*Asks:* 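Just dropping this structure here.
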2 protein chains.
Amino acid sequence: MNVMPDSDSKETSATHGAYLKLRELILTGELPPGDKLKIEQLRKLLDTGASPVREALSLLTSDMLVERIDQRGFRAAPVGKANFEEILMLRCTLEETALRASIRNADAAWEDRVVLRHHHMNRAGLRKAPDFEDAHKAFHMALLDNAHLPMLERYCSQLYDLNIRYRYLAAGGPSYKKRDIAAEHQNILDAALNRDADAATAHLIDHYRSTGEYLSSQMDG
Amino acid sequence: MNVMPDSDSKETSATHGAYLKLRELILTGELPPGDKLKIEQLRKLLDTGASPVREALSLLTSDMLVERIDQRGFRAAPVGKANFEEILMLRCTLEETALRASIRNADAAWEDRVVLRHHHMNRAGLRKAPDFEDAHKAFHMALLDNAHLPMLERYCSQLYDLNIRYRYLAAGGPSYKKRDIAAEHQNILDAALNRDADAATAHLIDHYRSTGEYLSSQMDG
DNA sequence: TTCTCCAAAAATATCGATATTATTTGACTT
DNA sequence: AAGTCAAATAATATCGATATTTTTGGAGAA
């Protein structure tokens, strides 16, 4: 007999809800890197039982956002320059592979998908919508999803999230204003639509490297 | 008040124990691909509570050995030709990256490590020891571990396990006898010790492709 | 027969309580 | 004053029971 107090329209399991919220808290840095994640504390914060919290944390382990130390609980994954650079390197390698495969399979439906995502991203960017991050990710993932390689896409998605975590941590650096992000995206899109895999991957990797180098220069140790 | 009945010398959490056993059962095919993994059934099989089972299954999700369908339980990850070929492709890409980085950092300690692993693997192979699989994996991982790229190593380790799962499923095919595995390993080792990254990666990828093509030819759908 | 719908059964997800293990605190020794 | 050990505290891991949801099985209608 659940009262279901009008709002809270979400229909989902407690575990999944906890997973989404914890993920958000870690990505945005509200739960800082290295922090001990105490069950009781999170249980109260998310207003749920210990089991869903525990299971959500176990799931976040797969995303490398949480570390599990047997018998000693969970902690938010630590960060560091070496880790950041490994993420950057892996993204370049894996996204190049995925993008080339995607272009190899190029068809009209995929072109439509990518063009739409690009448009939505620009729209969100212009009005500085809070969901620009989501639209940005959706565009990048759309570029890759025609590879039909689910594991590779999962890796890329994971690495994307790990990367934006660093962006949140270095919050609001000027790097975004200086560069012309829109032009970079346009270059990638155009090359992809031309089915020019070499140009597309070159632009994509440049895009990552130039944001990467800035963030990397901000970090020590 | 735990009786601790003399044997069972393992000192570990129930969750971790369940994780290891379930992993083994899935890798060897005793829990076949696509099978529904019922909590109660596993609880009895592993002689533990529902919470450790549940948590172990959540952890196995990260290894892509278990799929979680919200509100509908867990199942052993399905298999298929496309999945196998994706694993093979990713291994070639990622292990090449890791091996090149490893060789770039080559030093005497690493050489020692690799030579030893190679020796142990051959020893285990000669007397057909049941732990040949472990030694084989240890050799391959030792080749990569000088890259000092923990995420990349984790991916490679994951993919290695996913691959041997297919070997178990195609159990005892003649492919192993036909080819001279030992020579292939020797070639990889020699090239690595010579710090010849091009040759080492070429041998490594050949090694994977030739076992891969055999297994792939065995599968349909 | 085939379809729909509802009750029964089974399985999952979640809770609350307890046992187990790690960490801290502080008295006591050197 | 510094170190050590044991009790007290806190946190994790686990269990058993319950609530929720999905699946099954079959009765009745088209």
Side-chain angles (χ1 to χ4, degrees), chain A residues 1-23 25-26 31-32 34-62 65-78, chain B residues 1-23 25-26 31-32 34-62 65-78:
Chain A
M1 225 166 288
N2 194 334
V3 185
M4 178 62 86
D6 64 87
S7 70
D8 191 63
S9 48
K10 286 234 196 77
E11 221 24 272
T12 180
S13 71
T15 295
H16 191 238
Y19 170 80
L20 291 177
K21 278 180 207 149
L22 286 173
R23 175 195 177 75
L25 290 173
I26 294 172
L31 288 175
D35 249 36
K36 187 132 213 326
L37 302 175
K38 297 183 200 171
I39 306 292
E40 186 63 11
Q41 158 197 315
L42 298 177
R43 200 196 61 65
K44 275 184 275 190
L45 180 66
L46 304 177
D47 190 41
T48 184
S51 313
V53 169
R54 198 150 238 293
E55 219 162 299
L57 289 172
S58 293
L59 290 171
L60 284 165
T61 286
S62 41
L65 289 170
V66 165
E67 272 186 5
R68 181 202 176 82
I69 307 121
D70 205 75
Q71 224 85 15
R72 206 159 305 182
F74 301 85
R75 59 180 53 241
Chain B
M1 228 167 286
N2 195 335
V3 186
M4 178 62 85
D6 63 86
S7 71
D8 191 62
S9 49
K10 286 235 197 76
E11 224 19 275
T12 179
S13 69
T15 295
H16 191 239
Y19 170 80
L20 292 177
K21 278 179 207 148
L22 285 173
R23 175 195 177 77
L25 290 172
I26 294 172
L31 287 175
D35 249 36
K36 188 134 214 323
L37 302 175
K38 296 182 200 171
I39 305 293
E40 185 64 11
Q41 158 197 316
L42 298 177
R43 199 198 62 65
K44 274 184 274 189
L45 180 66
L46 304 176
D47 191 40
T48 183
S51 314
V53 169
R54 198 149 239 292
E55 218 161 298
L57 289 172
S58 292
L59 291 171
L60 284 165
T61 286
S62 42
L65 289 170
V66 165
E67 272 185 4
R68 180 202 177 82
I69 308 121
D70 204 76
Q71 223 85 16
R72 206 158 304 183
F74 301 86
R75 58 182 52 240

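All values reported here derive from a predicted model rather than from experimental measurement. Lettering of chains follows the sequences in order, A, B, ..., and the numbering in each one begins at 1. Values below: all heavy atoms of this structure, side chains included; hydrogens, waters and symmetry mates excluded.
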*Asks:* Whole angstroms only, please: what is the NZ-C1' distance between A:Lys44 and C:dC15?
*Replies:* 17 Å

*Asks:* CD of B:Gln41 versus P of C:dA10: gap in Å, rounded?
*Replies:*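 Going from CD in B:Gln41 over to P in C:dA10 covers 15 Å.
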
*Asks:* Can you check the B:Leu57 CG to C:dA11 P distance for me, whole Å?
*Replies:*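 Those two atoms, CG and P, are 15 Å apart.
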
*Asks:* Please list, chain by chain and in numerical order, all residues satisfying side chain to side chain contact (heavy atoms under 4.5 Å, CB included) with B:Ser62, sequence neighbours excluded.
*Replies:* A:Ser62, B:Arg154

*Asks:* Could you list, one pair per line, each protein nitrogen or oxygen that sits under 3.5 Å from a nitrogen or oxygen of nucleotides 8-12 of chain D, together with the distance?
*Replies:*
| unit_1 | atom_1 | unit_2 | atom_2 | d |
| --- | --- | --- | --- | --- |
| D:dT12 | OP1 | A:Lys36 | NZ | 3.4 |
| D:dT12 | OP2 | A:Ile39 | N | 3.3 |

*Asks:* For C:dT14, does either OP1 or OP2 sit under 4.0 Å from a side-chain N or O belonging to A:Thr48?
*Replies:*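 So the side-chain polar atoms of A:Thr48 never come under 4.0 Å of the phosphate oxygens OP1 or OP2 of C:dT14.
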
*Asks:* From the options C:dC15, C:dT14, D:dT14, select the nucleotide whose nearest atom is closest to the side chain of A:Thr15.
*Replies:*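 Closest of the options to the side chain of A:Thr15: C:dT14.
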
*Asks:* Excluding sequence neighbours, so at least two apart, what forms side chain to side chain contact (heavy atoms under 4.5 Å, CB included) with A:Gln71?
*Replies:*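 Scan of A:Gln71 (side chain to side chain contact (heavy atoms under 4.5 Å, CB included), adjacent residues dropped) gives B:Ser13.
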
*Asks:* To the nearest Å, how far apart are B:Leu46 CG and D:dC15 P?
*Replies:*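 Spelled out: CG on B:Leu46 to P on D:dC15 is 11 Å.
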
*Asks:* Just to verify, what does A:Arg68 make a side chain to side chain contact (heavy atoms under 4.5 Å, CB included) with, not counting sequence neighbours?
*Replies:*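 For A:Arg68, the residues satisfying side chain to side chain contact (heavy atoms under 4.5 Å, CB included) (neighbours in sequence not counted) are A:Arg54, A:Ser58, A:Thr61, A:Asp70, A:Phe74, B:Thr15, B:Glu55, B:Leu59.
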
*Asks:* Any side-chain heavy-atom pair from A:Leu45 and A:Leu25 closer than 4.5 angstrom?
*Replies:* yes

*Asks:* Using the test side chain to side chain contact (heavy atoms under 4.5 Å, CB included), find all partners of B:Ala77 that sit at least two apart in sequence or belong to another chain.
*Replies:* B:Arg165

*Asks:* Output every pair passing salt bridge (Lys or Arg N to Asp or Glu O under 4.0 Å) with a member in residues 38-51 of chain B, not counting sequence neighbours, ordered by first then second residue.
*Replies:* B:Glu40-B:Arg43

*Asks:* What is the separation between atom CD on B:Glu55 and atom P on C:dT12, rounded to the nearest whole Å?
*Replies:* 17 Å

*Asks:* Taking NE2 from A:His16 and P from C:dT14, how many angstroms apart are they, rounded to a whole number?
*Replies:* 11 Å

